[in-house]
Asker: 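Provided herewith is a single structure, encoded as structure tokens, for subsequent inquiry.
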Amino acid sequence: MVSVQSRGKAILTCFEDGTTVYSHNQLYGRWITRRRGGVPETNRSLRFAVHNAKHSAFLYSASDIEILAQEDVNTHPYLQKLGPDPLLEEVSEAEILQRFKDPKFSRRQLGTLLLDQGFVGGIGNYLRSEILWYAGVHPKAKLAELEQTRLELLAQGTYLLMQRAYETGGVTNEPDRVAKMKANGIRRRDYRHFVFGHESKPCPTCDEAIIREDHASRRVYLCPSCQR
């Protein structure tokens with residue numbers, strides 16, 4: 001194995017012979033790592049495993065796995081349709097801003113648009129709530145209705161929070177705020193995010209109670225004051 005890459009919500013495991021294993025966890029897939037020789041205790045179905053001299057990585061319950069030749073990777077139906085992925089080195093915040101300014105997306109509600117992997121690759125449900133709160137934008141807002149400052153905040157929030165979540169294992173909250181909350185004995189599930197999962201708790205900015213709504217058939221958390 002020579003590299004592991006994320007592309008949107010897919011993982012590409014690349015090998016020396018040019019073969020790439022494409023995997024997408026969908027709703028139920030899960031990676032579990034162990035020291036070499038150890039096997040997880042689980043009733044899940046093993047779909048794929050990778051081993052080196054010291055460790056093993058097991059993929060359970062993923063419903064979408066394919067073996068691709070190197071020349072077929074970029075033409076894969078899912079990968080071909082992906083929008084720019086902020087976790088790739090070649091993608092900049094400026095490129096994400098241009099995405100938010102693209103007229104072909106201007107009439108769509110952000111609560112739906114942010115989950116479209118063809119818009120920006122890699123945004124999941126918790127990141128959607130966090131990005132919208134960061135930018136002070138309601139899920140029902142359309143890009144055409146927003147001024148330049150809001151578009152810049154959306155791009156900044158998308159780039160910053162995706163990078164932060166990647167580096168911290170899913171934490172989107174401000175590092176200084178996280179450190180203070182941890183010092184006060186606050187649990188991870190309570191310090192991990194700004195608003196996601198925090199229904200009825202105070203907004204970090206204005207103390208208004210966070211509410212939950214459904215957009216694109218999935219839950220969104222927002223501040224009714226900051227995200228009018």
Asker: Check whether any side-chain heavy atom of C203 sits under 4.5 Å from a side-chain heavy atom of S225, and report yes or no.
Answerer: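 When only atoms from C-beta onward are counted, S225 and C203 do not touch, as no gap falls below 4.5 Å.
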Asker: Can you tell if the side chain of N173 reaches within under 4.5 Å of the side chain of H193, non-hydrogen atoms only?
Answerer: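 No - every pair of side-chain heavy atoms lies 4.5 Å or more apart.
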Asker: Can you find a pair of side-chain heavy atoms, one from R99 and one from F119, that are under 4.5 Å apart?
Answerer: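 Contact flag for R99/F119 side chains = yes.
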Asker: Which heavy atom of G118 sits nearest a heavy atom of D116, and at what distance?
Answerer: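 Looking at all heavy atoms of both residues, the closest pair is N-OD1, 2.8 Å.
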Asker: Taking the ring centre of each residue, are F48 and Y60 less than 6.0 Å apart?
Answerer: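 No, too far apart.
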Asker: Quick one: are K9 and H24 in side-chain contact, heavy atoms under 4.5 Å?
Answerer: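 They are in contact (side-chain heavy atoms under 4.5 Å apart), so the answer is yes.
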Asker: Do K182 and R188 have side chains that get closer than 4.5 Å, going by heavy atoms?
Answerer: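 Sidechains of R188 and K182: no contact.
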Asker: Does this structure show an ion pair linking E199 with R219, if we count only N-O contacts that are shorter than 4.0 Å?
Answerer: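 No, no charged N to carboxylate O under 4.0 Å.
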Asker: Considering non-hydrogen atoms only, spot the tightest contact between Y221 and F196 and give its length.
Answerer: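 Result for this residue pair: CD1-CD1, 3.5 Å.
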Asker: Check the orientation of H76 and Y78. Use parallel for under 30°, tilted for 30 to 60°, and perpendicular for over 60°.
Answerer: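 Ring orientation, 0 to 90° scale: perpendicular.
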Asker: To check you understand the geometry: which heavy-atom pair defines the closest contact between S56 and H51, and what is its length?
Answerer: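 Heavy atoms only, the tightest pair is OG-ND1, 2.6 Å.
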Asker: I'd like to know whether CZ of R36 has more than 12 heavy-atom contacts from other residues, nucleotides or ligands below 6.0 angstrom.
Answerer: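 Correct, the count exceeds 12.
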Asker: Can you confirm whether E71 is buried at CD, in the sense that more than 12 heavy atoms of other residues, nucleotides or ligands lie under 6.0 Å from that atom?
Answerer: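 For E71, atom CD is crowded (more than 12 foreign heavy atoms under 6.0 Å).
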Asker: Has the side chain of T19 got a donor or acceptor atom that lies under 3.5 Å from a matching backbone atom of F15?
Answerer: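 Checking the backbone N and O of F15 against the side chain of T19, no donor-acceptor pair under 3.5 Å is found.
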Asker: Is any side-chain heavy atom of C14 less than 4.5 Å from a side-chain heavy atom of V21?
Answerer: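 Side chain of C14 against side chain of V21, heavy atoms only: no contact under 4.5 Å found.
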Asker: Whether the T172 and E130 side chains hold a donor-acceptor pair (N or O, under 3.5 Å, no angle test) is what I'd like checked.
Answerer: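 On atom types as modelled, these side chains qualify, holding a pair under 3.5 Å.
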Asker: Is the count of non-hydrogen atoms from other residues, nucleotides or ligands lying under 6.0 Å from K201 atom NZ greater than 12?
Answerer: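 Yes, because the 6.0 Å sphere around NZ of K201 holds more than 12 heavy atoms from other groups.
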Asker: Grab the two heavy atoms, one from V120 and one from P84, that are nearest each other, plus how far apart they are.
Answerer: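 For V120 versus P84, the nearest heavy atoms are CG1-O, 3.4 Å.
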Asker: Which heavy atom of G122 sits nearest to which heavy atom of L127, and what is that distance?
Answerer: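 Of all heavy-atom pairs spanning G122 and L127, the closest is O-CD1, 4.0 Å.
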Asker: Do P202 and E208 come close enough that some side-chain heavy atom pair is under 4.5 Å?
Answerer: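 No, every pair of side-chain atoms sits at 4.5 Å or beyond.
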Asker: For F194, what residues pass the ring-ring contact (aromatic ring centres under 6.0 Å, His included) criterion, not counting sequence neighbours?
Answerer: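 If we apply the ring-ring contact (aromatic ring centres under 6.0 Å, His included) test to F194, skipping adjacent residues, the hits are W133.
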Asker: Any donor-acceptor pair under 3.5 Å linking the side-chain atoms of T33 with those of H55?
Answerer: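 Looking only at side-chain atoms, T33 and H55 do not form any donor-acceptor pair under 3.5 Å.
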Asker: Short question: side chain of T75, backbone of D72 - any donor-acceptor pair under 3.5 Å?
Answerer: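 Present.
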Asker: Show, in sequence, the C-alpha distance, side-chain angles and deciding distance for L160 and R164, and conclude whether the side-chain contact (heavy atoms from CB on, under 4.5 Å) test is met.
Answerer: CA-CA 6 Å; L160 172 67; R164 182 181 293 167; 3.8 Å; yes
Asker: Output every pair passing ring-ring contact (aromatic ring centres under 6.0 Å, His included) with a member in residues 152-188, not counting sequence neighbours, ordered by first then second residue.
Answerer: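 Passing the test, one end in residues 152-188: no pairs.
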Asker: State, with a plain yes or no, whether a side-chain heavy atom of I131 is found less than 4.5 Å away from one of L154.
Answerer: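 Yes; the side chains approach each other to less than 4.5 Å.
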Asker: Work out which heavy atom in R128 is nearest to a heavy atom in I123; give both atom names and the distance.
Answerer: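 For R128 and I123, the tightest heavy-atom pair comes out as N-CG2, 4.0 Å.
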Asker: Run the side-chain contact (heavy atoms from CB on, under 4.5 Å) test on V195 and L222 for me, step by step, so that the C-alpha distance in whole Å, both residues' side-chain angles and the decisive distance to 0.1 Å come before the verdict.
Answerer: CA-CA 6 Å; V195 295; L222 64 143; over 6 Å; no
Asker: Just wondering, are more than 12 heavy atoms of other shown residues or ligands nearer than 6.0 Å to CG in D176?
Answerer: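 Counting other residues, nucleotides and ligands, CG of D176 stays at 12 neighbours or fewer.
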Asker: Can you measure from CG (L132) to SG (C226) and round to the nearest 0.5 angstrom?
Answerer: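 These two atoms lie 13.0 Å from each other.
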Asker: Is it true that atom CZ of R30 has more than 12 heavy atoms of other residues, nucleotides or ligands lying nearer than 6.0 Å?
Answerer: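 Counting neighbours around CZ of R30, 12 or fewer heavy atoms of other residues, nucleotides or ligands fall under 6.0 Å, so no.
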Asker: If we ignore hydrogens and angles and just use 3.5 Å, is the side chain of R44 paired with the main-chain N or O of Y28 as donor and acceptor?
Answerer: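 A pair under 3.5 Å: yes.
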Asker: To the nearest 0.5 Å, what is the distance between CZ (F100) and CG (L113)?
Answerer: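 Answer for the CZ-CG pair, F100 versus L113, is 7.0 Å.
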Asker: Counting only heavy atoms not in I186, do more than 12 fall under 6.0 Å of its CD1?
Answerer: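 Counting neighbours around CD1 of I186, more than 12 heavy atoms of other residues, nucleotides or ligands fall under 6.0 Å, so yes.
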Asker: To the nearest 0.5 angstrom, please state how far the CG atom of L97 sits from the CG atom of D102.
Answerer: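 Interatomic distance, L97 CG to D102 CG, rounded to 0.5 Å: 11.0 Å.
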Asker: I'd like a table of donor-acceptor pairs (distance under 3.5 Å, sequence neighbours excluded) in which one partner is a side-chain atom from residues 138-148, with atom names and distances.
Answerer:
{"from": "H138", "atom 1": "ND1", "to": "K140", "atom 2": "N", "distance (Å)": "3.0"}
{"from": "E145", "atom 1": "OE1", "to": "K142", "atom 2": "N", "distance (Å)": "3.1"}
{"from": "Q148", "atom 1": "NE2", "to": "E152", "atom 2": "OE2", "distance (Å)": "2.9"}

Asker: Around atom CD of Q70, are there more than 12 heavy atoms from other residues, nucleotides or ligands closer than 6.0 Å?
Answerer: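 At most 12 heavy atoms, drawn from other residues, nucleotides or ligands, come within 6.0 Å of this atom.
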